[in-house]
Amino acid sequence: MEFLIPSRTARPADDPIFALNAEAQARKKSGEPVINATVGALLDDDGKLAVIGAVVEALRSVPPEVGAAYAPIAGPPAFLQGVIDDLLAGRPEASFATAVATPGGSGALRHAITTFLEPQQMLLTTGFYWSPYKTLADEADRTLATFRMFDEKGRLDIADFERKLAGVLDAQGRALVFLNTPCHNPTGYSLDETDWNGVVDVVGRAAGRGPITVLIDVAYGRYAKEKLGETFAPALRLADKAMVLFAWSASKSFTQYGLRVGALVALCPDAGERTRVQNALAYASRGTWSNCNAAGMNAIARVLADPDLRARVDQERAAWKDLLDRRVERWNALATAAGLGYPRYDGGFFTTVFCEDAPRAAARLREEGIFVVPVQGALRVGLCSVPERDIERLVDGLRRATNP
Ligand code: PLP
């Protein structure tokens with residue numbers, strides 16, 4: 001007798017990235033000189049998790065009775081205001097933003113999918129995407145469609161975006177678009193002003209055909225060349241044409257992956273709509289995880305609001321970002337010289353090397369102790385977990401594996 005409902009009987013056993021990472025770690029432990037570029041967290045050159053000490057201090061100083069209590073379902077107001085200011089301080093959009101707390105950015109993505117798409121409808125994103133986008137859609141009985149991410153010049157393929165968006169609107173009368181930028185996972189690409197202008201034009205032209213929601217996933221926003229608020233500034237012109245959402249996460253920004261602190265922020269110029277969106281999101285929270293991590297939100301709210309604490313956090317993060325930027329610089333020098341094909345990469349945790357038979361190339365690299373993640377048509381390389389000294393061997397391995 002099968003107890004599982006039919007749609008749940010063939011779920012894969014493990015997240016493939018976690019499985020690869022586990023093998024890499026086991027082989028390293030047994031003494032092999034392994035390069036593990038599968039990890040989605042920033043590690044120092046000794047393989048230890050990069051942690052911002054001032055955030056840990058803030059966590060330790062949360063009063064026990066605050067950490068132990070239930071947080072408000074929508075999230076503590078000080079935390080939500082801190083997140084809105086973090087994204088939009090000094091901009092008029094801050095006055096019509098609303099937010100709800102979520103367990104990490106993942107929770108924000110989940111709420112967006114179930115609140116802005118009907119069951120069975122499709123979410124639209126770039127052809128390269130973080131694979132949990134599909135898992136989140138699947139789990140919520142929605143599907144995922146993609147547009148080609150890069151055109152011949154290596155820029156965001158605006159023409160294909162326009163085609164696919166029109167197709168989605170024709171098929172289901174509404175659209176939800178996920179754009180992960182800056183420092184897109186897995187490609188490392190950041191939309192620039194030209195890309196954003198293209199997106200704004202396309203959405204503006206399509207807006208009359210049905211409601212369009214554009215979610216900007218800023219999970220890696222603190223590792224870009226520009227300041228967080230500058231990375232999406234041109235997209236704010238979308239606010240009167242579309243519903244603009246931000247998936248905000250403390251995981252990478254505050255190096256607190258396990259804390260599960262995040263938020264979904266929505267820009268709603270109309271007050272009535274803002275209330276309806278706020279209610280729908282808070283209701284969704286009550287109907288899923290109830291409330292989020294009280295101690296985590298309290299600590300992050302303090303970090304966001306206290307100028308001295310925030311300055312210390314920013315300073316520590318800047319040092320970690322420098323470490324990553326040095327790896328990116330070394331990568332760009334060596335990978336360009338080796339003729340590897342990869343998108344514009346100015347910073348962030350990952351890049352991808354284009355490659356026809358990615359599973360085969362990844363398997364070959366794995367044999368020589370280099371672990372990367374095969375994705376559709378490319379290999380994801382997490383420089384966030386590769387010491388600068390190993391980049392030469394990594395590039396050399398990739399060159400051989402992708403040009404057999
Ligand atoms: N979005 C992208 C593209 C990510 O890579 C991640 C984490 O790896 C997230 C969102 C959300 O992470 P979390 O739920 O830990 O905040």
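One-based numbering, in listed order, for ligands and for the atoms of each. Computed over heavy atoms, backbone and side chain alike; hydrogens, waters and symmetry mates excluded. Given the structure is predicted, the values throughout are model-derived calculations rather than measurements.
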**Request:** Using the side chain to side chain contact (heavy atoms under 4.5 Å, CB included) rule, pick out the option among L228, L267, I216 that qualifies with L87.
**Result:** L228
**Asked** Considering only heavy atoms of R260, which atoms of ligand 1 have at least one such atom less than 4.0 Å away?
**Response** 13 (P), 14 (O), 15 (O)
**Asked** In terms of residue, atom name and distance, what is the protein heavy atom nearest to atom 1 (N) of ligand 1?
**Response** D217 OD2, 2.6 Å
**Request:** Indicate whether the side chain of Y342 and that of T336 have a donor and an acceptor atom separated by less than 3.5 Å.
**Result:** yes
**Over 12 non-hydrogen atoms of neighbours within 6.0 angstrom of CD in E193** = no
**Item:** Closest non-hydrogen atom pair between L43 and R327, with its separation
**Value:** O-NH2, 2.8 Å
**Prompt:** So which bit of K252 gets within less than 4.0 Å of ligand 1, heavy atoms only: side chain, backbone, both or neither?
**Reply:** side chain
**Item:** Option set G262, G258, S249, criterion heavy-atom distance to atom 16 (O) of ligand 1, minimum
**Value:** S249
**Prompt:** Starting from atom 13 (P) of ligand 1, which protein heavy atom do you reach first, and at what distance in Å?
**Reply:** S251 OG, 3.3 Å
**Request:** Answer yes or no: does an N/O atom from G105 fall short of 3.5 Å to an N/O atom of ligand 1?
**Result:** yes
**Asked** Relative to each other, are the rings of F178 and Y133 parallel, tilted or perpendicular (30° and 60° limits)?
**Response** perpendicular
**Request:** Step through the shown structure and confirm whether more than 12 heavy atoms of other residues, nucleotides or ligands are within 6.0 Å of NZ on K241.
**Result:** yes
**Request:** May I ask whether Y220 has any heavy atom positioned less than 4.0 angstrom from an atom of ligand 1?
**Result:** yes
**Ring centroid separation Y189 to F128 under 6.0 Å** = no
**Message:** Are the side chains of F254 and L304 in contact, using a 4.5 Å heavy-atom criterion?
**Reply:** yes
**Request:** Around atom 3 (C) of ligand 1, find the nearest protein heavy atom and jot down its residue, atom name and distance.
**Result:** N180 OD1, 3.2 Å
**Request:** Check each atom of ligand 1 against the heavy atoms of N185 and keep those under 4.0 Å away; list them by number with element.
**Result:** 3 (C), 5 (O)
**Item:** Contact partition for S106 relative to ligand 1, non-hydrogen atoms under 4.0 Å
**Value:** both
**Prompt:** Which of the atoms of ligand 1 are close to G104, meaning less than 4.0 Å from one of its heavy atoms?
**Reply:** 14 (O), 16 (O)
